[in-house]
Amino acid sequence: MASERYNAPNREKHWQKVWQEKDIFSTDTESERPKYYVLEMFPYPSGRIHIGHVRNYAMGDVVARFKRAKGFNVLHPMGWDAFGMPAENAAMKNKVHPGEWTYENIANMREQMKMLGLSIDWDREFATCDVEYYHQQQKLFLDFLDKDLAFRRTSKVNWDPVDHTVLANEQVIDGKGWRSGAPVEQRELTQWFFRITRYADDLLDSLEDLKRWPEKVRTMQHNWIGKSEGALLRFELGEQNRPEGFFQIEVFTTRSDTLFGASFCALSPGHPLTRKLAEDNSELAAFIKECEQLGTALEDIEKAEKKGIDTGLTVSHPLDDNWQIPVYVANFVLMDYGTGAVFGCPAHDQRDLDFARKYNLDVTPVVIPANEDPADYKIADIAYTGPGKLANSRFLDGLEMEAAKSAVITELDKNGKAERQTQYRLRDWGISRQRYWGCPIPIIHCKTCDIVPVPVEDLPVKLPDDVSFDKPGNPLEHHPTWKNVKCPKCGSEARRETDTMDTFVDSSWYYARFCSPKADVPVVAKEVNKWLPVDQYIGGVEHAILHLLYSRFFARAMCETGHLEVKEPFAGLFTQGMVNHETYKDENGDWLSPSDVRIEGEGKNRKAVHDRTGAPVTIGPIEKMSKSKLNTIDPSEILAHYGADTARWFMLSDSPPERDVEWTQAGAEGAWRFVHRLNRLIEEALPKLAKAEAPEPDDFDEAAKTLRQQSHKAIDAVEQDLENLRFNRAVAQIYEFTNHLGSATKSFEAANEGQAFALREAATFLVQMFAPMMPHLAEECWARLQYHTLVVDSPWPKANQALLIDETIKIAVQVNGKRRDELTISPDASKNSIEKAALALDNVKRSIGDKKVKKVIIVPKRIVNIVI
RNA sequence: GCGGGCGUGGCGGAAUUGGUAGACGCAAGGGACUUAAAAUCCCUCGGCCUUUGUGCUGUGCGGGUUCGAGUCCCGCCGCCCGCACCA
C-alpha cells in the first residue's frame, strides 16, 4: 500500500502545468472581490537566481496564495530591474552587448523562477530595459520637467583621470580607481536632478501614517530626511587678507546657544571662499586635492582623520566685534549640507573637540550639566552634548538651552546677523549617470535654444545598439551619429543628452506600471488607482532608505503630474533578512565554493576538505552570501534534487523572516524528510477517513473531540501567523499539528463515525494550511483526499470558535517569584478561588513553611505569585 | 564617523508583548524493526552538584526598576545593515 517515493521534481512540473493550463494566476480585472496587491522587490537579472531570491519570493508567494484563499482578488506580478553597471562590465569583459547579456540572463532566471511554482501573473512581466518601459519613463521625465521637478545643476563626481570616466562609489577603492589604480579626482559636472526636497516635509510627516511599515525603517527615513530647526548666523570677515568680494561667512547651526563657546570657524574644502583662497595658497590647494582624493562617499569622508588648515583669516564674533575667531578649512565640513561652513564649539561637539585638541584651540564650556559647578567644570576628551544651564556666556548666563537659542537669534536678528532657518539633510536626487545601459534622458542641447525636451511624439529616445565598449567612458559620448541631431525647436545642429538615468528611477515606479503593463501611457488611471497602494511589499532591509524613499517621491511626483491619486505606494512593508552561509578558504587563502568542499565529522570534530583533492580547507565565519566570497548556493541544484516545496519550506522555517538565515544542507534535508512524511501521513490516514461529502455527526468521543480542537486551534493559529508574516511560527504550528494527526491516525477507527469525520477534517485542514508554503505537495494530497478541485482554489477554512476554548488551563504558581507548582483550573475561575486553590497545593504549603504570606498576586489565566 | 538593528542550549529558534525560559525543528546519543543498510518508529538531550532534589544556576557583559525581567531603563562588548553613482 505504501506509495512510491514521492518524486517531487516530477510532480511539481505536473502541477505547474495544471495551474498554467487553467490560467489560475492571471489577474482577474473584473472581479468584485476586494483587491490585494502583493509585490516582492524585483530582481536584478544577474543570470542565476540566488537562494535569497527563493526566500524573498517564497514569502511573497505565501502571502499571495494565502490572501487568495481568504477571498481576495490578488495581483502578484514579476519583472526585472534590468539596467545597470554589471551588464556594462560584462560587455567590457566578454565583448557581449549589454542588452543581449541581460535578456539572456532574464530568460535563465525566469526559467528557474518558474520552477519555484510561484503564483505569479506572468502576463504582466516586463524588464526596465524594455523600450516600452523606458519610453514611458521618458514621458514621466518630461512631465516632471514641466513641473520643475527635474532640473539641472552642478555636482561632484568621482573622476578617474586615467580611464577618463566617472566612477561609482563602489568603484573607488582606497581613493583609487578600481581598474586604473589612479588616485581619483573630483569633477564638477552639470547633471540632472529630481527635486525630492520639495516633498521633504510631506515625506517626513507621512511616515506616521505608514502603520504597516517596520518602525526601524520609518526611523531610518526620518533621520535620513534629517529636518533640523536652527539658525543661519553671519560672521563678518576681518578686513585683513580677505579676498575681494567676500565679506562674511554664513553658518548654519542648531546650537546657537553655544555661540560664546565658539573657538573657530571651519569651511568646507569645496566652499567658494576656500577655492578663492587656494588660488594663491599652495598649501591650501594641496589640502583640497588631498580631500578630493577621498572621493564623494560620505562614509569615507567622515571616517577620515579630522584635519584642517589655518587660512590666516579671522572673523569677528557676531556678538562682540572685538573678538576675533580664526578661520580654518576642515575636511569634515560638508559642502552639501547647510552653508558649507560651521562655527566650532569644541566643548559641546565631539568633532569640534577633536579638531580643537589637534590644533590647540580654546575649549570653553558654556552649557553646564545640572550637577556641575560652572566655576570648575572642565571638558576632557568627551564633549558635553546634554542639557544644562548656560555659563561663560555673558547675557545668556543661567538660561536653559532653548531659551538661550532664542535669545541669541533675537539679539542677532536686530542687526541682520542671524535668522531662523530649517535645514534638511535630504538632498535633491542626482539622476544623471555617464553610462550606456540606462534610460536615456530625453533632452537635446542646442546652442541657441539651450535645453530642449525631446517632443513626446519623438519618443522613445532609443539606446543605439551599435556601441563599443573598447574605449573607457560612456559609449553614447563616442557614438558617431546617435549623439548628433537637429534641434526640434530651431532645426540647427544640436546634440543629445548622453547621460542616462540612475537605475533607481526605473525601480521607483515599476509597482505602478504593473497595474497596466502594456499601456501606451505610463499608467492607466483606472487600473492604477484601483490596485495601488501595494498592500504588501517584501524585500531586503538594504533598501530601507534609498529605494523606498525614491519610490515615495515618485508616487508624489506622479500625483503632481496627474498620473496617480495615491501618494504612498506601499501600505505594508516587510523587510526580510539575508541568507548566509559558511565561508571556506583553501591553503592559499583563496575562497572556495561550498560545492567544492566536503564536510567531515560533527560538532567540535567538524572539519572541511576539498571535495576533489582532499586538501585541507579552513572553515570561516558565516557571512552574507556574496559572489566575491563564493559562499553562494545555487538553488537550481536544490530544486532539481529536492524540488521547490522543500526549498520553499526550508526558507520559511526556523528563522524569523526579518532575520538572517543560514543555508545548511542538514536543514534542507530535514525539510525534504517532512515533505515525505506529510505525503505518507495522508496516504496512511486515507483508509480511515470519512467520505469527502460525509455530514458532521452529532456525537464525538473524547479522542475525536480532542483532535477536532487541535485542528481548529491549528488552522486559527496558522491563519494569524500568516496574516502577520510569521512564517516560522506557522511552520512550527504545522509540525506540531502533524504530530497530533500522526498519533490520531494510528489509534483512530474508520468505523467510529466521529473519529473518521475528525480525521478527515484534520487531514483537510492540514493540507490547506501548508498549501501556501508547499503548493505542489498540497495539490497532490488534495487530489488524494478525493476532492475534485484544486486546493489553490479552495477557501481558507474558518475555525469554529467553540472548539478553540479549553475547559481547563494550567497556570504556574510561584512563591517569591520562583515556580513551585502549577494549578489546573477553569479559565474563568475567580481570583478568590484561584488563590484558595493555589494556597492549598502541597508544594506551595511546603515552600511557605511557617512564614507569613504578605501578598498574593493573581493574574487570571497567567500566573499566581505568593510573596512571603 | 553618523544613523538603524540584532545578541536565548551543540545549531535555527519559541516565549500569549512584563507572567511556567528553551515550544517546534535540526544535529547528537540510546533503543525497536531489518540478514544488513536505508527509510520509519520510540526514548534522552542548557549547565552544575560524593545532597539527583520540593535543589542551585541560566537568555552577550555590568548595574537598575518590579511581587515577577529574555522582554522595560542606564552603561559596556560583539556582530550585521545603510550612508545618496552597487542593486
Side-chain angles (χ1 to χ4, degrees), chain A residues 2 5 41 43-44 46 81 83-86 157-158 166-172 214-217 219-220 222-224 226 296-304 306 332 336 350-351 354 425-435 502-504 507 540-547 549-550 575 577-578 580 602-604 621 623-624 653-656 658-662 664 666-667 669-671 673-674 676-677 680 728-729 731-736 739 742 746 810-814 816-822 842-844 846-847 854-857 859 861-867:
Chain A
R5 211 159 169 64
M41 290 179 185
Y44 178 79
S46 57
D81 190 12
F83 275 135
M85 287 203 307
V157 293
N158 299 310
V166 177
L167 298 174
N169 282 338
E170 71 156 12
Q171 296 172 319
V172 178
E215 190 64 46
K216 63 173 173 181
V217 175
T219 309
M220 280 191 263
H222 181 104
N223 294 339
W224 185 263
T296 57
L298 198 54
E299 184 186 356
D300 295 330
I301 294 167
E302 293 197 337
K303 262 194 205 155
K306 283 152 198 58
F332 61 87
D336 285 326
Q350 192 60 43
R351 278 190 306 198
D354 296 344
R425 216 186 69 97
L426 181 69
R427 310 197 296 255
D428 280 321
W429 173 15
I431 60 153
S432 280
R433 296 292 180 269
Q434 293 69 41
R435 284 185 238 293
D502 179 6
T503 57
F504 270 125
S507 55
V541 236
E542 63 271 26
H543 295 294
I545 295 172
L546 293 180
H547 162 61
L549 198 59
Y550 290 155
T575 53
M578 290 169 306
N580 302 333
E602 300 288 346
K604 288 183 190 76
E623 294 192 58
K624 168 178 165 179
S653 322
D654 293 351
S655 271
E658 67 278 9
R659 228 189 274 181
D660 293 354
V661 284
E662 189 199 352
T664 60
E669 277 166 19
R673 273 202 297 276
F674 188 61
H676 289 278
R677 186 171 160 216
R680 213 178 322 115
N728 59 319
R729 300 211 323 187
V731 164
Q733 296 284 356
I734 291 170
Y735 271 121
E736 209 165 350
N739 291 339
K746 279 194 190 125
K810 282 181 184 170
I811 60 175
V813 180
Q814 299 178 332
N816 276 358
K818 289 202 169 140
R819 181 182 175 274
R820 294 297 163 180
D821 208 334
E822 60 182 25
D842 285 348
N843 289 341
V844 172
R846 238 181 314 235
S847 298
K854 285 189 198 148
K855 201 169 164 190
V856 180
I857 289 140
V859 183
K861 294 184 200 176
R862 294 277 162 80
I863 206 161
V864 177
N865 190 10
I866 297 159
V867 186

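Values below: every heavy atom of this structure, side chains too, minus hydrogens, waters and symmetry copies.
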A:Lys216 NZ to B:C83 C1', straight-line distance once rounded to whole Å: 16 Å
Parallel, tilted or perpendicular, as decided by the 30° and 60° cut-offs, for the rings of A:Phe504 and A:Tyr550: perpendicular
Helical stems, RNA chain B - three or more consecutive Watson-Crick or G-U wobble pairs below 3.5 Å: B:1-7 with B:77-83, B:10-12 with B:24-26, B:28-32 with B:40-44, B:46-48 with B:55-57, B:60-64 with B:72-76
Stepwise side chain to side chain contact (heavy atoms under 4.5 Å, CB included) test for A:Asp654 and A:Val731: CA-CA 8 Å; A:Asp654 293 351; A:Val731 164; 5.8 Å; no
Proximal nucleotide (of B:A27, B:G7, B:C67) relative to the A:Arg673 side chain: B:A27
Non-hydrogen atoms of A:Met41 and A:Gly540 that approach each other most closely: SD-N, 3.8 Å
Residue pair A:Asn158 / A:Asn169: nearest heavy atoms and the distance that separates them: ND2-OD1, 3.0 Å
C1' spacing across the pair B:A21 / B:G70, given as an integer number of angstrom: 8 Å
Length of the line joining A:Trp224:CH2 and B:G82:C1', which is rounded to integer Å: 7 Å
Atom-to-atom span, CD1 of A:Ile545 to C1' of B:A84 - whole angstrom: 9 Å
Sugar-phosphate only, base, or nothing, as touched by A:Val157 at under 4.0 Å among non-hydrogen atoms: base
C1' atoms of B:C2 and B:A28, separation to the nearest Å: 46 Å
Touch class at under 4.0 angstrom, heavy-atom based, for A:Lys303 against every strand present: base
Sugar-phosphate, base or nothing in reach of A:Ala297, heavy atoms under 4.0 Å: sugar-phosphate
side-chain N/O A:Arg433 vs B:C85 OP1/OP2, d < 4.0 Å: yes
d(NZ, A:Lys746; P, B:U40) in whole Å: 13 Å
Nearest-angstrom distance from the residue atom OH of A:Tyr550 to C1' of B:C86: 13 Å
4.5 Å side-chain heavy-atom contact, A:Asp502 and A:Arg433: yes
Any A:Asp354 side-chain heavy atom under 4.5 Å of A:Phe332 side chain: no
5'-most by nearest nucleotide on RNA chain B - A:Glu170 or A:Val541: A:Val541
Distance, rounded to the nearest Å, where A:Glu299 contributes CD and B:C2 contributes C1': 10 Å
Touch class at under 4.0 angstrom, heavy-atom based, for A:Leu426 against every strand present: base
Reading 5' to 3' through nucleotides 18-24 of chain B, protein heavy-atom contacts under 4.0 Å coded B for base, S for sugar-phosphate only, - for none: -BB--BS
Nearest-angstrom distance, C1' atom, B:C24 to B:C33: 27 Å
Sugar-phosphate, base or nothing in reach of A:Ala666, heavy atoms under 4.0 Å: sugar-phosphate
Heavy-atom side-chain contact between A:Thr503 and A:Tyr44 under 4.5 Å: no
Sugar-phosphate only, base, or nothing, as touched by A:His676 at under 4.0 Å among non-hydrogen atoms: nothing
Most 5' of A:Val166 and A:Ser655 on RNA chain B, judged by nearest nucleotide: A:Ser655
Nearest-Å distance for atom pair CG/C1', residues A:Asn223 and B:A84: 15 Å
A:Phe504 side chain, from C-beta outward: closest of B:C67, B:A87, B:A14: B:A87
Residue pair A:Val157, A:Thr296: steps toward the side chain to side chain contact (heavy atoms under 4.5 Å, CB included) verdict: CA-CA 7 Å; A:Val157 293; A:Thr296 57; 5.8 Å; no
Touch class at under 4.0 angstrom, heavy-atom based, for A:Ser847 against every strand present: nothing
Sugar-phosphate only, base, or nothing, as touched by A:Glu658 at under 4.0 Å among non-hydrogen atoms: nothing
A:Pro656, nearest nucleotide to its side chain (from B:C83, B:A14, B:U40): B:A14
Same-atom distance (C1') from B:C56 to B:C6, integer angstrom: 31 Å
Side-chain N or O of A:Arg820 closer than 4.0 Å to phosphate OP1/OP2 of B:G55: yes
A:Arg659 side chain near B:G13 phosphate (N/O to OP1/OP2, under 4.0 Å): yes
Minimum heavy-atom distance A:Arg677-A:Asn739, with the two atoms named: NH2-OD1, 2.6 Å
Glycosidic conformation of B:G9, taking syn as within 90° of 0 and anti otherwise: syn
Spacing of A:Leu546 atom CG relative to B:G82 atom P, expressed in whole Å: 10 Å
Closest non-hydrogen atom pair between A:Ala544 and A:Met220, with its separation: CB-CE, 3.8 Å
Euclidean distance for C1', B:G82 against B:U66 (whole angstrom): 37 Å
Syn/anti state of B:U17 by chi, 90° boundary around 0: syn
C1'-based separation of B:G47 from B:C42 [nearest Å]: 27 Å
Backbone N/O of A:Trp224 and side chain of A:Arg425: donor-acceptor pair under 3.5 Å: yes
Nearest non-hydrogen partners of A:Asn816 and A:Asn865, listed with the distance: N-OD1, 3.5 Å
Under 3.5 Å donor-acceptor pair, A:Gln171 side-chain atoms to B:C85 base atoms: no
Inter-nucleotide C1' distance (B:G5, B:A38), Å rounded: 45 Å
Sugar-phosphate, base or nothing in reach of A:Gly430, heavy atoms under 4.0 Å: sugar-phosphate
A:Thr575 versus A:Pro214, closest heavy-atom pair with distance: OG1-CG, 3.9 Å
Sugar-phosphate, base or nothing in reach of A:Thr503, heavy atoms under 4.0 Å: sugar-phosphate
Sugar-phosphate only, base, or nothing, as touched by A:Pro43 at under 4.0 Å among non-hydrogen atoms: nothing
Distance, P atom - from B:G19 to B:C73, rounded to whole angstrom: 15 Å
Below 4.0 Å: OP1/OP2 of B:A84 and any side-chain N or O of A:Asn169: yes
Touch class at under 4.0 angstrom, heavy-atom based, for A:Phe674 against every strand present: nothing
